[in-house]
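The structure under discussion appears below in the form of C-alpha cells.
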Amino acid sequence: MPILGFIGARIGVALFTMFVVSLIVFIAMHLLPGGFEQIILGPIQTQATRDAITNEFGLDAPIAEQFVKWAIAVLHGDFGVSMITRTPVAAELVRRAPATLQLAAMSIFTTLVVGLPLGIASGIGDTRRSVRVGARLLGALGASTPDFVLGTILVYVFSVWALGLTVGGYAPFLENPIANLRAMALPTLTLSVPGIALVLRTTRESVLNVMTSGHITTAVSRGESPSQIVRRHILRNASLPILTVTTMYLGALMGGSVIVETLFTIPGIGLYTWNALNNRDYQVTESAVLIFSILLVAVNMCVDIAYALLDPRIQGRRS
Amino acid sequence: MSEFVVASDLAIEYRTPRGAVRALDGADLRVAAGASMGLVGESGSGKTTLGMAMGRLLPSNARRVAGSLSVGSQSLFDLDDDGVASLRRRQLGFVFQNPMSALNPTARIGKQIGWALERKANQREIHERLQQVGLRDVPRVAHAYPHELSGGMAQRVVIAMAIARRPRLLVADEPTASLDASVRGQILELIKSLQREIGATLILLSHELSMVARTCDVVGVMYGGRVVEAGPASIVFNAPLHPYTQALLKAAPGAERPGERLTAIPGMPPVLIAASVGCSFAARCHLADETCRRTRPEVRHLPDRQVACHHIEAASPRGGAGALDPS
Amino acid sequence: MDAGRNSILSQCSKAMRADPLMAIAAGVLALLLCVGVLGPLLPIGDPTAIGIGPRLAPPSPAFPLGSDELGRSFLPRVVGGILVTFQVAATAVLLTGALGAVIGLIAAYYRGRVDTIVARLADALFAFPAIILGLMTASILGPGDLSVIVVIVAATLPLFIRVVRSVALSIASREFVTAAEVAGASPVRIMAMHMLPNLMGALIIQFTYALSLGMLIESGLSFLGLGTQPPYPSLGSLLQLGATYLAIAPWLVFAPGVTLALTILAINLLGDGLRHAIDPLPGRALK
C-alpha cells in the first residue's frame with residue numbers, strides 16, 4: 001500500500017530533522033560567543049582549574065567528537081548534570097514531566113472540547129449579525145490576550161475571590177486529586193483560552209469553506225439530514241486546517257508552559273527550565289530545548305501522516 | 001396529462017450587501033409528467049434559480065417574494081424542512097455542472113453511491129449502478145477517489161447517484177459544460193435514456209439551443225427572470241413567436257448558410273432590482289413600443305404554447321433560416 | 001504600477017466603511033501609536049524619574065495610573081512601554097517582511113529544488129515555538145532587544161515566505177511573466193516589476209498578523225526577563241514587575257496588561273478586516 005511508503009518516508013524525514021535540530025542546538029550552545037565554554041571558563045583565572053574543568057567536560061576534544069559523545073549520551077538518556085544542583089538532568093526531567101504533561105493534556109482537551117463544537121456550530125448555523133460580531137470580537141480578544149496577561153489577571157482575581165481554586169499548592173494527581181485539580185484549573189484555563197479562540201476561528205472558517213463547496217449542495221439535494229451531512233462531509237473535509245492549527249497550538253503550549261508554570265508555581269519542566277535559565281544553568285537549558293524540539297518534530301510528523309490519511313489527494317503526490 | 005411541475009408567477013430575490021437582486025420576476029411554467037423540458041437562457045436569465053428552486057436549493061440570502069412552485073402536487077415553499085428533505089430524498093435528483101466539486105473528495109466512489117442509495121448496499125448492487133451509467137472496469141471505479149477519475153467518468157457517477165432512488169424529477173444544470181466536447185453527446189444520451197427508463201420528468205438547463213433541441217421534447221425560453229415562451233421544441237424552434245426567441249435562433253450558430261452573418265442581439269440582459277416595469281426585453285426589441293415599456297406582458301396560453309409578449313400577432317414567425325432540426 | 005497602489009488604498013478605505021469594527025480598531029491603533037510616538041512630548045511625566053512620588057500609590061489626579069515600586073509615575077512608563085514593544089516588534093517585522101519577500105520571490109521564480117528546500121526549511125522554522133527559540137537565543141546573545149528581534153524574525157519569517165511564495169507561484173505561471181522572460185528581462189527585473197506589485201495586498205495582511213505576533217513575542221520574552229532590559233519599560237517587563245506586587249497594587253498589572261491586549265486586539269481586527277476586504281469567502285451556504 002502506498003500509504004506505508006509515505007509513512008516510512010515521513011519517519012525518515014523526521015529522524016533526519018531531529019538530527020539536524022540536535023546539531024543546531026549543540027552548536028548554538030557550544031560554539032557561539034557567550035556559549036558554554038566562555039561562561040564556564042571565562043571567570044576562572046588559574047590555568048590548573050581551567051585544565052581540570054576542560055578535562056571534566058571534555059572541552060579540548062574536537063567539536064565533532066564532543067558532539068558525538070553528547071549525542072550518544074543523550075540517546076542513552078544521559079542529559080548531563082545540572083551545574084547548579086549537581087543532580088542528573090534526566091532524573092529531574094522525568095520527575096517533573098507528569099505535571100507538564102498533565103497541564104498540556106488538560107489544555108488540549110479543554111481547547112478541543114470547547115472550541116470544536118462551538119466552531120462547527122457557528123460555521124453551520126445561520127446567525128444574526130450581532131451574534132456573529134460578538135463572537136468575532138470575543139474570539140479575537142481570546143487570541144490577542146497574551147497568556148501571561150491572562151494568567152496574571154486570573155491570579156489576581158482568584159486570590160481575591162478564591163472560588164475553591166488555588167494558585168500553587170500543586171500535588172501529584174495520584175496523591176491528592178482534589179488539590180491537584182484545584183491547582184491545575186487556573187493554569188489550564190490560562191492556556192486554553194487562546195487555544196479555544198484559535199480553534200474556534202479556524203474551525204468556523206474551515207466549516208464555512210466546506211459548506212460552500214459543491215458536494216454539500218449535492219448532499220443537500222439528496223435530502224441528507226444535517227447530522228448526516230456533518231458526519232459524512234464536513235468533519236473529514238474540514239479537519240485539515242484544524243489539524244494545522246492544533247499543531248501550532250501545541251508549539252505555543254510548550255512555550256506557554258514555561259510562563260504558566262512560573263506564574264502558578266507548578267513544578268513542571270517549564271518552571272525547571274526557567275529557573276535554569278535565570279541561573280545560567282546551561283546543561284539544563286540545552287536539554288530542555290532539545291526535548292521540546294524533538295517532541296515538536298515528532299508531533300509534526302504525526303500530523304503530516306494524519307493529513308495524508310485524511311485527504312487522499314495528498315497521498316498521490318510525491319512528498 | 002397531469003402536470004408534474006407548476007410554477008406560477010414565481011418571483012425570487014437575492015439579498016446582497018448592495019441591495020436586492022431579482023433573479024425570478026414572475027416565472028410561469030408547466031411541465032407534464034414524464035416530459036423532457038429544456039430551459040434555455042443566457043446567464044442571468046434566471047434558469048438556474050428556477051431549476052434550483054424546484055428542490056428549494058437556494059442560498060440563504062434568497063427570498064421568495066411572490067408566486068408559487070409545486071412539484072408533484074407539493075407546494076415547495078409551504079413545506080417545512082423535514083418535508084423538503086423528504087421530497088429531495090424520494091422524488092428529486094440533481095446533476096450539477098462540475099462533477100468534481102459535486103463529489104466528496106475524501107470518500108471512495110463506491111461509498112458515495114452507497115450514500116445515494118440510502119441503505120446498506122452490497123457490492124454487487126453498487127457495481128450494477130455504475131454499469132448502468134456506462135462505466136467500464138467497475139470494480140476499479142468503485143474503489144477509486146473522485147480525483148482519480150476523468151471529468152466524464154465523474155459526471156457519470158454523479159448521474160448514477162442522482163437516479164439512484166428513481167426520482168420523479170431529474171434536474172440537470174448545464175451537465176456537460178465542464179466536459180470535453182467528445183463526451184458531451186454521450187452524457188446527454190445517457191441522461192435521456194435513463195430518464196426514459198425510470199419514467200422521470202427531465203428539466204435540462206442550458207444556454208445552448210442545439211443541445212436542448214437535440215435532447216428535449218419541450219422547451220422554455222427564459223429572459224429577465226421570466227419564461228417568455230414555452231412549448232414543444234419542434235413548434236417553438238421552427239416557428240418562434242417571441243422576438244427574443246427569434247433573435248436567439250438567428251444568433252445561434254449551426255444552420256446558417258456559408259457567408260451569412262450571425263446576428264448578435266444588441267445590448268445586455270438586465271439585472272433586475274425590483275419587479276420590472278413593462279417588458280424586460282423592450283430595450284433590445286425591434287418591436288418595442290410604449291405599451292411594451294409601460295405594461296408587463298401577461299403570459300398567454302395558446303393552444304400550442306405559452307408566450308409573454310404584446311406583439312405576437314405582429315411578429316411573423318421567421319422560422320426557416322435559423323431553425324434547428326430537433327430530430 | 002500607480003494604478004496598483006491606488007487600488008490598495010481605495011480597497012482599504014472601502015473596507016473600513018463597510019466594517020465598523022475594523023474602523024474602530026484602526027482608530028484605536030492610530031491613537032495608541034500617536035500617544036506612544038508623541039510620548040516624550042506629552043506632559044505626562046518622565047518614565048525614568050525615580051522617587052518623584054509615593055511608592056505604589058493608587059491612581060489619582062497627580063498620578064493617572066498610580067506609581068510603581070520606585071515611585072515613578074506609571075502612566076509615562078506604560079506609554080513608553082507601548083512604544084518600546086511596538087518599536088521592537090515593528091522593526092523586526094519590517095526586516096522579516098523584506099527578507100521574506102526576497103526569499104519567497106526567489107523560491108517562486110526559480111521553482112524546482114530551490115523552492116522545495118525553501119518550503120521545507122520554512123515549515124521547520126515555523127514549527128519552533130517562539131519561547132523556546134527565545135531561550136536559546138537569549139542564552140547565546142544575552143537578553144535584550146537584539147535577542148528579541150532575532151526571535152521575532154525567526155518566528156515570522158515562515159509566514160512571509162509562505163504567503164509570498166504561494167502568490168508568486170500563481171503569478172509566475174501567468175502569461176505576462178513569460179512574455180517578459182521572452183523579451184529578455186533579467187530575473188531581478190521580472191521579480192521587482194511584475195511579481196512584487198501583485199503581492200502588495202497579501203503582504204500587508206501578513207504584515208498585520210506578523211506585527212501582532214511580534215508584539216506577543218516581545219512582551220512574552222520581556223516578561224521572562226529576556227527582552228528589553230531596565231530601565232527602559234516594555235509592557236512585558238512592566239507586567240513582570242507588577243506581578244510581584246499584585247496583591248497590593250493591582251493597577252501595575254492591569255494597566256500594561258489591558259493596554260497590551262487592546263493593542264494586539266486592534267491589530268488583529270485590522271488584519272481580519274483587511275483580509276475580508278481583499279479576499280472574501282467564496283460562495284454562499286444553502287439554507
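Lettering of chains follows the sequences in order, A, B, ..., and the numbering in each one begins at 1.
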Max heavy-atom pair count under 4.5 Å with chain A, selected residue of C/Val253, C/Ile267, C/Ile264: C/Ile264

Value rounded to 0.5 Å, distance of OG1 in A/Thr273 from CE in A/Met254: 11.5 Å

Side chain to side chain contact (heavy atoms under 4.5 Å, CB included) filter on C/Leu159, not counting sequence neighbours, yields C/Phe126, C/Gln206, C/Leu213

Under 30°, 30 to 60°, or over 60°: which ring-plane class applies to C/Phe160 and C/Phe207, parallel, tilted or perpendicular? perpendicular

Applying a strict 4.5 Å limit to non-hydrogen atoms, the region of A/Leu263 in contact with chain C is side chain

Against chain A, label C/Ser219 side chain, backbone, both or neither, depending on which of its atoms sit under 4.5 Å from a heavy atom there. both

Checking C/Ser222 against A/Phe148 for the side chain to side chain contact (heavy atoms under 4.5 Å, CB included) test, could you report, in this order, the C-alpha distance in whole Å, the side-chain angles of both residues, the deciding distance, and whether it holds? CA-CA 11 Å; C/Ser222 299; A/Phe148 55 92; over 6 Å; no

Side chain / backbone / both / neither for C/Leu265 at chain A, heavy atoms under 4.5 Å: both

